[in-house]
Amino acid sequence: MHLAHRRPALRCLAVSALSLVVLTGCGGESDGKAAATTAAPMASATPSAPAGETKNAAPASGDGTGSDGAASSTTGTASWAGTKKFVQIDGVRTGDGRTYLSVRPAEKEIHPKFDAWVITPGEGPFTEVPLAEDARVLLSVPLGDETKAAPYSQAEFADRLTAESPSARAAIGYDLSFDGQGQVIRLQSLPMP
């Protein structure tokens, strides 16, 4: 009977130890720079401030997935690698030759009477997520020039977003797709009337 209880406990300990090794970056890579570059995108896709504090970035919630993003924004365990999220973007910055978005989860629903979206803002901190170098940016009105989404460069997106007032930014929603490392590979703004 004691043997039967030890195996699950040993498995649990082994999984916990492996998780710690992966999360701390102690995987044994010979080049420290390689470990830092592979670990950085994963770390940036998690909330870094408690719900009571404000920071310039946040996790994404619903592309119809419901409370997934909202729950993870408060628990601090969100990892969006390989997922699609619906978010609001508060700000954008460039650094180290990359573009970073300050995002927070939101939810979208179709307006019952008009051909428009109703965006319900998320709560909690903003999280900073990186855009991949080759990320596809598709913008429609009000950030883009057309009602149908059209491609723009990351620099054009940054310029157009920062030109908007904070209240106007809060009314725009975005669908984001993340790669396996937590980088945004596709950004599409929701068309607004």
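These numbers come from a predicted model, not from an experiment.
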- Message: As a quick check of understanding, evaluate side chain to side chain contact (heavy atoms under 4.5 Å, CB included) for V141 and E146, giving each step before the final call.
- Response: CA-CA 6 Å; V141 171; E146 304 291 326; 5.7 Å; no

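The pair E128-R93 counts as a salt bridge, with a side-chain nitrogen and a carboxylate oxygen less than 4.0 angstrom apart. With respect to the salt-bridge test (charged N to carboxylate O, under 4.0 angstrom), the residues D175 and R186 do not qualify.
Pairing each heavy atom of I172 with each of I119, the nearest pair is C-CD1, 3.8 Å. The two residues L138 and A149 come nearest to each other via the heavy atoms CB-CB, 3.9 Å. When all heavy atoms of G182 and P130 are compared, the pair lying nearest together is O-CD, 3.9 Å. Residues L131 and A135 approach most closely at CD2-CB, 3.8 Å, considering heavy atoms. The two residues W80 and F178 have their closest heavy-atom pair at O-CB, 3.1 Å. Taking each heavy atom of E164 and P142 in turn, the nearest pair found is OE2-O, 4.3 Å.
Atom CZ of R104 is separated from atom NZ of K85 by 15.5 Å, given to the nearest 0.5 angstrom. Between atom OH of residue Y152 and atom CG of residue D159 there is a gap of 12.5 Å, rounded to the nearest 0.5 Å. Note that CG of L176 is 10.5 Å distant from CD of Q188, once rounded to the nearest 0.5 Å. In this structure, CG on L143 lies 8.5 Å from CD1 on I89, to the nearest 0.5 angstrom.
Q183 and R98 form a side-chain donor-acceptor contact under 3.5 Å, judged by distance and modelled atom types alone.
Contact of the T99 side chain with the V92 side chain is registered, since non-hydrogen atoms from C-beta on lie closer than 4.5 Å. Residues Y174 and L101 have side chains not in contact (no heavy-atom distance under 4.5 Å, counting atoms from C-beta outward). Side-chain contact check for L187 versus F157: some heavy-atom pair is nearer than 4.5 Å. Annotation: side chain of I110 is not in contact with side chain of V118 (no heavy-atom distance under 4.5 Å). Considering only heavy atoms from C-beta on, I185 comes within 4.5 Å of S177 through its side chain.
There is no path of hydrophobic side-chain contacts, each under 4.5 Å, that joins W117 to F114.
Other residues, nucleotides and ligands contribute over 12 non-hydrogen atoms within 6.0 Å of the CZ atom of R160. Crowding of E156 atom CD: a count of heavy atoms from other residues, nucleotides or ligands under 6.0 Å exceeding 12.
Put simply, the side chain of Q154 gets close to the backbone of A132: a donor and an acceptor are under 3.5 Å apart.
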